[in-house]
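These notes concern the structure reproduced below.
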There are 2 protein chains.
Amino acid sequence: MPSCRLAAWRAGADVNQALIFYHFGTVADLIDAACREAVDSSIDGYRQQFAAVGSFVELLRLGRELHDRERATGNVAIMAQLMAGAQSNERLAATARYCLARWNAELETVVARLVDGSAFDGLLDPAGLARAISSGFLGLELYEGVDSAGAHDALEALERLGVLVEVVDELPPIAQRALRVKLRRRTRT
Amino acid sequence: MPSCRLAAWRAGADVNQALIFYHFGTVADLIDAACREAVDSSIDGYRQQFAAVGSFVELLRLGRELHDRERATGNVAIMAQLMAGAQSNERLAATARYCLARWNAELETVVARLVDGSAFDGLLDPAGLARAISSGFLGLELYEGVDSAGAHDALEALERLGVLVEVVDELPPIAQRALRVKLRRRTRT
DNA sequence: GTCTATAAGATGATAGAC
DNA sequence: GTCTATCATCTTATAGAC
């Protein structure tokens, strides 16, 4: 695939309209190529930073950085269009599925590492949590475009919640045992 | 505003196309009217159920019910289009802002009631949390359209997290005091 | 208020010269 | 491979008869 052309097009280069169809066939194919390239390169650029994440609060901080960057590059607007279109177009849904799966895989690795050996080991599901995080991120991206002050408040609230989670993780063993006992009683019901 | 017409149009009634412009002026005005009417009636129908929510897990359950209903009525698809369009169109952004503000107000009331007097009183910000919840809900709506199994996993993970929060809330006073001390030390840093 | 007809503009794509 | 020209179709209206 001529992704050099794609890069030029995304940069706003003044390319002949007919050439787009010559290279990509249909718009759906173009969008697919653009999104896959965008997510692949984005993830590639963040691999080391994901690997360096050592806590939920750090993960959230990385998320905020990513959020700012993706918005500045225009990827958020593209992703918003993609997700909206995907609701009623299976071709776009397949593209979106690829992008989400890539982010999910990255997130799941991090979440599994954080949960493993912590007080939450066995209590939380890394795969499900990764999906919850990526969909939450997605929602915040869209929310930000409409009410950026509100999005900021939401992120601050989540950060406080993250600190809370970490503090629970550092609770003395007696308290943690009490927590586990209560949890077991709850989930059995 | 002739919302009777709107209802007919939304029901898929075979209305003359020119009439839409006669009644609403522009498409943006039509979308605005449709969305406001949809969110107003939706919230109206859920007021009692919101009032009955007594815990975060119950709030999540109500969210799942709402999620299913909104998807079935097609409101999710409309909201997705609205949010995507709002990213680059201020007129649509204003409409979206209204819808989000209405849900936020409802959520904030519930969250404030849940936090008030609990172990999290003063530790969590109801307004920010309400916005985090509504944007998370929004993200899940979109995610569901692309990967419904993944959305289900995400909701299950969130429910487990909710149970965890409630269990922390029921921790013995000694453990809760330890938690608060640690938290204060953390947030000062 | 409601209908038919029509038009301006954008979008997605193809044909064919170079 | 790249360009110009042209297309069918859809969207967003407006005009004017009834």
Side-chain angles (χ1 to χ4, degrees), chain A residues 1-39 41 73-99 142 145-146, chain B residues 1-39 41 73-99 142 145-146:
Chain A
M1 300 287 153
S3 62
C4 45
R5 284 278 138 205
L6 219 189
W9 170 75
R10 292 196 64 221
D14 162 35
V15 193
N16 187 282
Q17 182 249 17
L19 273 180
I20 292 173
F21 292 95
Y22 175 76
H23 285 301
F24 297 101
T26 68
V27 270
D29 290 337
L30 166 66
I31 290 169
D32 186 74
C35 290
R36 283 171 193 263
E37 193 239 30
V39 76
S41 88
T73 60
N75 282 343
V76 170
I78 293 175
M79 197 63 185
Q81 295 288 135
L82 178 63
M83 292 303 295
Q87 304 298 312
S88 56
N89 179 327
E90 179 45 37
R91 180 70 172 77
L92 291 176
T95 303
R97 206 144 32 229
Y98 173 83
C99 298
L142 294 189
V146 165
Chain B
M1 299 290 154
S3 63
C4 45
R5 284 277 140 205
L6 219 189
W9 170 74
R10 292 196 64 221
D14 166 33
V15 193
N16 188 280
Q17 182 251 15
L19 274 180
I20 292 173
F21 292 95
Y22 174 76
H23 285 300
F24 297 101
T26 69
V27 269
D29 290 336
L30 166 65
I31 291 169
D32 186 74
C35 290
R36 283 171 191 261
E37 193 239 30
V39 76
S41 87
T73 59
N75 281 344
V76 169
I78 292 174
M79 197 64 185
Q81 293 290 134
L82 178 63
M83 292 303 294
Q87 304 300 311
S88 55
N89 179 328
E90 178 46 36
R91 180 69 172 76
L92 292 175
T95 303
R97 206 145 32 230
Y98 173 84
C99 297
L142 295 189
V146 165

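Below, each value reflects all heavy atoms present in this structure, side chains not excepted, and no hydrogens, waters or symmetry copies. Predicted model only: the values in this text are computed from it and were never measured. So that the names make sense, note that chain A is the first sequence line, chain B the second, and so on, each numbered from 1.
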Mind calculating the distance between CD1 (A:Ile20) and P (D:dC3) to the nearest angstrom?
-> 11 Å
Name all residues meeting the side-chain contact (heavy atoms from CB on, under 4.5 Å) criterion together with B:Ala84; count only those two or more places apart in sequence or in a different chain, and write none if there are none.
-> A:Ala80, A:Gln81, A:Ala84
Atom pair OG1 (A:Thr73) and CD1 (A:Ile78), whose distance is rounded to the nearest 0.5 Å = 7.5 Å
Which residue pairs satisfy the salt bridge (charged side-chain N to carboxylate O under 4.0 Å, His left out) criterion with at least one member in residues 75-85 of chain B, sequence neighbours excluded?
-> none
Return the minimal non-hydrogen interatomic distance between A:Val39 and A:Tyr98, and the atom names on each side.
-> CG1-CE2, 3.7 Å
Protein-nucleotides 4-8 of chain C N/O pairs under 3.5 Å:
from	atom 1	to	atom 2	distance (Å)
C:dT4	OP2	B:Asn16	ND2	3.3

Which atom names give the shortest non-hydrogen contact between A:Cys35 and A:Leu82, and what distance separates them?
-> SG-CD2, 3.8 Å
Could you pull out all residues at least two apart from B:Arg91 that satisfy salt bridge (charged side-chain N to carboxylate O under 4.0 Å, His left out)?
-> B:Asp29, B:Asp32
Could you tell me the separation between the CZ atom of A:Phe24 and the C1' atom of C:dT14, rounded to a whole number of Å?
-> 18 Å
Partners passing side-chain contact (heavy atoms from CB on, under 4.5 Å) against A:Ala93 (at least two apart in sequence or in another chain) = A:Ala86, A:Glu90, A:Arg97
When rounded to whole Å, the CG to C1' distance for the pair A:Leu19 and D:dG1 reads 7 Å
Under 4.0 angstrom, heavy atoms only, what part of the nucleic acid is B:Gly25 near: base, sugar-phosphate, or nothing?
-> sugar-phosphate
To the nearest Å, how far apart are B:Gln81 CD and D:dT11 P?
-> 12 Å
Between the protein and nucleotides 7-9 of chain D, are there any N/O to N/O pairs under 3.5 Å, and if so, what are the atom names and distances?
none

Using whole Å, report how far CG of A:Leu92 lies from P of C:dG12.
-> 11 Å
Could you pick out which residue, B:Phe21 or A:Tyr22, lies toward the 5' side of DNA chain D when each is mapped onto its nearest nucleotide?
-> A:Tyr22
For the student: nearest non-hydrogen atoms of A:Leu142 and B:Gln87, plus distance | O-NE2, 2.9 Å
